[in-house]
Every structure is written in structure tokens, then in C-alpha cells.
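One is the number of the first residue; the rest follow in order along the sequence.
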Amino acid sequence: LFPYTTLFRSYLPPYQAFVGLCNLLNTPSVLGLYRMIPQTVQCRAQVFQKLCAMQMPAVASCIEEAGLTPEMFLIEWFMTIYSKCLQIDVASVVWDLFLLDGEVVLYCTGLALLRISEPALLGGDGSSLEGCSRILGEELRARVNDPEELLWHVHEVWRRAPVQLLEEIRSIENTEF
């Protein structure tokens, strides 16, 4: 919960931060992930994998060949709404979008991060599990440091996403419980 607390405390007084945190943790998107039900996690990973294969087949293939499954990075990204892997000013843009548009933003942001990381992933460093994990883990914060660039990529992913897949994400979000 530390990343959530940090972000809320950066913008709100203590009581309002606490109320906001409680409200966020009770949304189906976040609560569903924190319950760690295997079907819930697997369902989201499969949707992400489909979206990635449609929009970035070379990256999807690279990640798969390296042995990295979406669950290995998506859980942390989604559960913290990107506040752990991104700088606070960049993560706050994702939070704004998430609070406005819901879970679909989590998928679009994940793909935006892959788009930004694409040269590193396809440039040879992403050919191993260790390399992919490093690129999408410890190196991500340094690579993604411009909120405007991330926002542009999120919108591009969203614009190119098939309507049926966006509806499937909305369905997951709305029928969780």
C-alpha cells in the first residue's frame, strides 16, 4: 500500500488521503487484484496478451520467447496503478486517467510502457528472461520520465484498440463481484 499512500499524501491532507485510499481499495479493479484469485489475474493477463499481440506482435513474441509471462509484471503494475514503477509525476497522470476512465487505462498504460521500451526489448537485451525483467522493472523508471510522452502513447494504444477488446475490459471491470 506504500505507493498508494505516497501518492495520496502528496496531494491531500491526511484524512482526505485516508478516505481516498479506502475508496480506491474498494473499487472492483483494485480489490479484485488484491484478492489474488487466480482466474482474476489470469483473465487480465490473457486480455493484455491479446492486446499486445494485436498492437505489437514483435514485442509480444520477444517477451514470450524470453519466457516472461504478463503475470510477472502486470500484477505489480496494476496493483499499484503504476505508482511503484514510475516517477510520481508520471504515475499521477496514470492515476488521473484511471480515476476518470477505469481499468481500461491500466491496459493501455501497460502497452504504452511496452511501446516506450520496445527499442530496448527488441535491441537484444530483451532476448532473455533476465533482460526483459530488467527492462520492464528496474530500468523502467529511468526510461519513462516524461508524463506527456506517456500520455501520448496511452492515447495511441487506446485509439488502436479494437472496440470488442475494450468492451471485454469494461466487462471484467464491471462484473468482478
Side-chain angles (χ1 to χ4, degrees), residues 28-30 32-86 90-91 93-95 97-98 100-144 146-147 149-176:
S29 298
V30 177
L33 289 167
Y34 271 102
R35 293 176 72 199
M36 293 299 288
I37 298 169
Q39 299 96 325
T40 302
V41 174
Q42 188 176 38
C43 175
R44 285 175 169 88
Q46 288 173 346
V47 170
F48 185 83
Q49 217 165 10
K50 277 194 269 185
L51 195 54
C52 185
M54 287 177 182
Q55 292 202 15
M56 294 180 293
V59 170
S61 185
C62 173
I63 289 171
E64 187 177 328
E65 288 172 14
L68 188 68
T69 63
E71 295 91 340
M72 294 173 158
F73 55 91
L74 273 188
I75 292 173
E76 179 181 295
W77 286 0
F78 281 20
M79 285 177 68
T80 64
I81 313 175
Y82 298 94
S83 60
K84 186 174 179 184
C85 65
L86 298 174
V90 179
V93 169
V94 176
W95 276 60
L97 291 173
F98 175 74
L100 183 64
D101 294 312
E103 191 168 334
V104 70
V105 170
L106 300 179
Y107 294 88
C108 292
T109 302
L111 277 147
L113 295 178
L114 292 180
R115 284 174 60 122
I116 293 169
S117 301
E118 187 172 15
L121 288 166
L122 299 180
D125 288 345
S127 61
S128 69
L129 179 60
E130 182 183 342
C132 276
S133 296
R134 187 181 61 255
I135 290 166
L136 298 177
E138 60 197 56
E139 294 178 4
L140 197 58
R141 184 178 288 262
R143 183 175 295 106
V144 184
D146 181 1
E149 178 187 17
L150 179 62
L151 186 60
W152 184 84
H153 282 287
V154 168
H155 285 294
E156 281 300 301
V157 167
W158 198 325
R159 187 177 64 77
R160 295 177 184 186
V163 174
Q164 311 91 296
L165 209 48
L166 295 175
E167 288 173 3
E168 186 177 343
I169 294 168
R170 293 271 186 225
S171 174
I172 293 168
E173 177 179 32
N174 293 327
T175 60
E176 189 71 49

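- Taking every heavy atom of both residues into account, S83 and A91 meet most closely at CA-CB, 3.8 Å.
- Within the model, atoms CD1 of I75 and CZ of R44 stand 10.5 Å from one another, a figure rounded to the nearest 0.5 Å.
- Residues I135 and R143 meet the side-chain proximity criterion, which asks for heavy atoms closer than 4.5 Å.
- Listed by chain and number, the residues in a side chain to side chain contact (heavy atoms under 4.5 Å, CB included) with R134 are D125, E130, E138, E139 (sequence neighbours excluded).
- Considering all non-hydrogen atoms of both residues, L74 and A45 come closest at CD1-CA, 4.0 Å.
- Residues V90 and D146 come closest through the heavy atom pair CG2-N, 4.2 Å.
- Annotation: the span from L111 atom CG to E156 atom CD amounts to 12.5 Å, rounded to 0.5 Å.
- How far OG of S133 is from CD1 of I63: 10.0 Å, rounded to the nearest 0.5 Å.
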Exercise. Step by step, would you call L121 with L136 a side chain to side chain contact (heavy atoms under 4.5 Å, CB included)?
Worked result: CA-CA 9 Å; L121 288 166; L136 298 177; 4.3 Å; yes
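- L166 CG to D101 CG: the interatomic distance, rounded to the nearest 0.5 Å, is 10.5 Å.
- You'll find the side chain of W77 stays beyond 4.5 Å of the side chain of L106, heavy atoms only.
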Exercise. What do the steps show when you test F73 against L113 for side chain to side chain contact (heavy atoms under 4.5 Å, CB included), and what is the final call?
Worked result: CA-CA 11 Å; F73 55 91; L113 295 178; over 6 Å; no
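- A distance-only check finds no donor-acceptor pair linking the side chain of Y107 to the backbone of W158 [under 3.5 Å].
- The backbone N or O of A120 sits nowhere less than 3.5 Å from a side-chain atom of S117 that would complete a donor-acceptor pair.
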For this session: Any chance you could lay out the side chain to side chain contact (heavy atoms under 4.5 Å, CB included) test for F48 and L114, step after step, and finish with the verdict?
Result: CA-CA 11 Å; F48 185 83; L114 292 180; 3.7 Å; yes
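- A 4.5 Å side-chain heavy-atom check between V154 and V93 finds every atom pair outside the cut-off.
- Taking CZ of F78 as the start and CD of E71 as the end, the distance is 11.0 Å to the nearest 0.5 Å.
- Looking at residues two or more places apart in sequence or on another chain, you find no salt bridge (Lys or Arg N to Asp or Glu O under 4.0 Å) involving E65.
- Annotation: the span from T109 atom OG1 to W95 atom CH2 amounts to 12.5 Å, rounded to 0.5 Å.
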Side-chain donor-acceptor pairs under 3.5 Å in residues 50-60, sequence neighbours left out?
{"residue": "K50", "atom": "NZ", "partner": "E168", "partner atom": "OE1", "Å": "3.2"}
{"residue": "K50", "atom": "NZ", "partner": "E168", "partner atom": "OE2", "Å": "3.4"}
{"residue": "Q55", "atom": "NE2", "partner": "V157", "partner atom": "O", "Å": "2.9"}

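- Closest heavy-atom contact between A112 and H153: CB-CB, 3.6 Å.
- The two residues E76 and C85 have their closest heavy-atom pair at OE2-CB, 4.5 Å.
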